[in-house]
S.K.: 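Sharing a structure, written as structure tokens. Questions coming.
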Amino acid sequence: FWSVNDKAYGGVVKINDQVVELRVDVDNSYYVNGRQTIANEVVPIRPSFEDVKIVDSKRIVGRLTWNAYEPTVKPYTAFLHLERPQTWWNDKPELYVLPLSSPSKPSNEWNGCETALFGETTTIIVPDDLSPGFYNLLCGLYDPGSGLRLSLLGSNTKDSRCRLGGVVVKGQGASRELSFEQPAPLMGADERLIPNCKPTSFGVCDTIGAFRLEKDSELSVILTPLPDEPPFSVSLTTPFFTRGEFEIVSLDSEGKEIAREKASAENNSLSVALDAAKVFSYKVIKLQ
């Protein structure tokens, strides 16, 4: 098989710009997850409020941008809120719904970095009766039929709203002043919420799916895909699999044989198709 110098390692890591999961144990068994699906999937759209300018004591102007890695499956309605954060338990936040015009095209047609959906700039009108203090500028998308909000990329609240930044109100009346604070950088942390669309090379295998490999004997291993994982293929690339003939035995959850087939190593790897809906695990046997 291969050596890891008697050390186990693993974690959620980035390989070739894709966030994946990996664990290798001291017995040379391993688990990988290429993340073709994720448990808490979000809609890959990241909103932001850029090029912000303070016009006067009432108005803040900026560019409302929606970076859409994919469009929504159907049209959703955008919203914009200004809200004083909850400061203690059972405190009711002050919420102001800000006007927002209809976009130039529906959200199921958004593609790439959309910068002019709501005009070249968006003006935030800060209400005159707003008390001095800090307020979150929040946005998001919701279904007008059900009222349910989509989970988007970015700095999110627990109720699926994205923080675009903070509006600070100082003073009142003629002496009132406004300032804007950009949100803290995420350092790409929300990339872990985007499913991957291509296989990852883990060093021990290439795959987009999730499975565990365990040594069964000197000439065989067991591959167990993650339950509910869509069908996928894996290319096993460690020296054990780079040449020779193999037999792949499909097993049910009790270890009983379902089927078997022959396979050959090609291009310095062995390709195995895994389908968790039909097979619990696969025994890969190297033929002598």
Side-chain angles (χ1 to χ4, degrees), residues 1-41 70 191-288:
F1 291 81
W2 67 96
S3 173
V4 293
N5 298 321
D6 295 326
K7 292 182 180 179
Y9 61 90
V12 179
V13 297
K14 181 179 281 190
I15 300 176
N16 296 329
D17 295 324
Q18 294 196 144
V19 177
V20 295
E21 300 170 17
L22 166 68
R23 177 178 173 84
V24 177
D25 295 320
V26 294
D27 61 354
N28 289 329
S29 63
Y30 63 80
Y31 163 80
V32 297
N33 186 352
R35 288 196 168 192
Q36 63 174 331
T37 61
I38 54 178
N40 299 308
E41 186 172 341
E70 294 178 7
E191 293 177 15
R192 71 192 189 281
L193 303 176
I194 307 176
N196 293 321
C197 58
K198 60 183 180 180
T200 294
S201 178
F202 288 91
V204 293
C205 66
D206 296 352
T207 189
I208 196 172
F211 74 97
R212 179 169 175 79
L213 180 146
E214 299 172 274
K215 184 177 179 180
D216 181 60
S217 72
E218 291 301 319
L219 292 175
S220 63
V221 297
I222 301 291
L223 276 60
T224 306
L226 198 67
D228 301 322
E229 184 81 353
F232 63 95
S233 63
V234 53
S235 294
L236 302 169
T237 56
T238 51
F240 181 80
F241 303 105
T242 56
R243 61 183 63 86
E245 300 295 320
F246 296 82
E247 197 166 44
I248 301 173
V249 183
S250 301
L251 304 172
D252 65 15
S253 59
E254 296 180 350
K256 296 180 181 179
E257 182 177 329
I258 300 173
R260 66 174 59 209
E261 60 181 326
K262 296 288 181 63
S264 301
E266 296 180 1
N267 300 320
N268 293 320
S269 70
L270 177 68
S271 181
V272 183
L274 307 184
D275 188 347
K278 298 178 180 179
V279 177
F280 180 79
S281 62
Y282 298 79
K283 178 182 285 190
V284 180
I285 305 169
K286 189 166 190 177
L287 303 176
Q288 292 181 313

S.K.: Run the side-chain contact (heavy atoms from CB on, under 4.5 Å) check on V19 and V12 step by step: do they pass?
M.R.: CA-CA 7 Å; V19 177; V12 179; 3.6 Å; yes
S.K.: Quick one: CZ on F246 to CG on L219, what's the gap to the nearest 0.5 Å?
M.R.: 9.5 Å
S.K.: Does any pair with a residue in residues 279-288 pass salt bridge (Lys or Arg N to Asp or Glu O under 4.0 Å), and if so which ones, sequence neighbours excluded?
M.R.: D216-K283
S.K.: Testing the basics here: between F240 and S220, what is the closest heavy-atom pair and its distance to 0.1 Å?
M.R.: CZ-N, 4.2 Å
S.K.: Between N33 (side chain) and R35 (backbone), is there a donor-acceptor pair under 3.5 Å?
M.R.: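 Side chain of N33 to backbone of R35, a donor-acceptor pair under 3.5 Å: yes, one is there.
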S.K.: Sort and list the pairs that fulfil salt bridge (Lys or Arg N to Asp or Glu O under 4.0 Å) and have at least one residue in residues 228-243, not counting sequence neighbours.
M.R.: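 Salt bridge (Lys or Arg N to Asp or Glu O under 4.0 Å) check on residues 228-243 returns no pairs.
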S.K.: Let me confirm one number: the CG-CG distance from L226 to L274, rounded to the nearest 0.5 Å.
M.R.: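 Here the rounded value is 11.5 Å.
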S.K.: Restricting to salt bridge (Lys or Arg N to Asp or Glu O under 4.0 Å), what partner residues turn up for K256, sequence neighbours left out?
M.R.: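 K256: salt bridge (Lys or Arg N to Asp or Glu O under 4.0 Å) contacts with E254.
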S.K.: Evaluate side-chain contact (heavy atoms from CB on, under 4.5 Å) for L213 paired with V234, printing each intermediate quantity in order.
M.R.: CA-CA 11 Å; L213 180 146; V234 53; over 6 Å; no
S.K.: With a cut-off of 3.5 Å and sequence neighbours excluded, list every side-chain donor-acceptor pair involving residues 259-270.
M.R.:
residue	atom	partner	partner atom	Å
R260	NE	E257	OE1	3.4
R260	NE	E257	OE2	2.9
R260	NH1	E247	OE1	2.8
R260	NH2	E257	OE1	2.8
S264	OG	E245	OE1	2.6
S264	OG	E245	OE2	3.1
S269	OG	E266	O	3.4

S.K.: Below 3.5 Å, can you tabulate the donor-acceptor pairs from side chains in residues 199-212 to any protein atom, sequence neighbours excluded?
M.R.:
residue	atom	partner	partner atom	Å
T200	OG1	Q18	NE2	2.7
S201	OG	D206	OD1	3.0
T207	OG1	G209	N	3.1
T207	OG1	S233	O	3.0
R212	NH1	D25	OD2	3.4
R212	NH2	D25	OD2	3.2
R212	NH2	S29	OG	3.1

S.K.: Please collect all ring-ring contact (aromatic ring centres under 6.0 Å, His included) contacts where either partner lies in residues 266-288, sequence neighbours excluded, each pair once.
M.R.: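 Sorted pair list comes back empty.
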S.K.: Run the side-chain contact (heavy atoms from CB on, under 4.5 Å) test on V20 and V32 for me, step by step, so that the C-alpha distance in whole Å, both residues' side-chain angles and the decisive distance to 0.1 Å come before the verdict.
M.R.: CA-CA 8 Å; V20 295; V32 297; over 6 Å; no
S.K.: Could you grab the distance from atom CG of N28 to atom NZ of K215, nearest 0.5 Å is fine?
M.R.: 7.5 Å
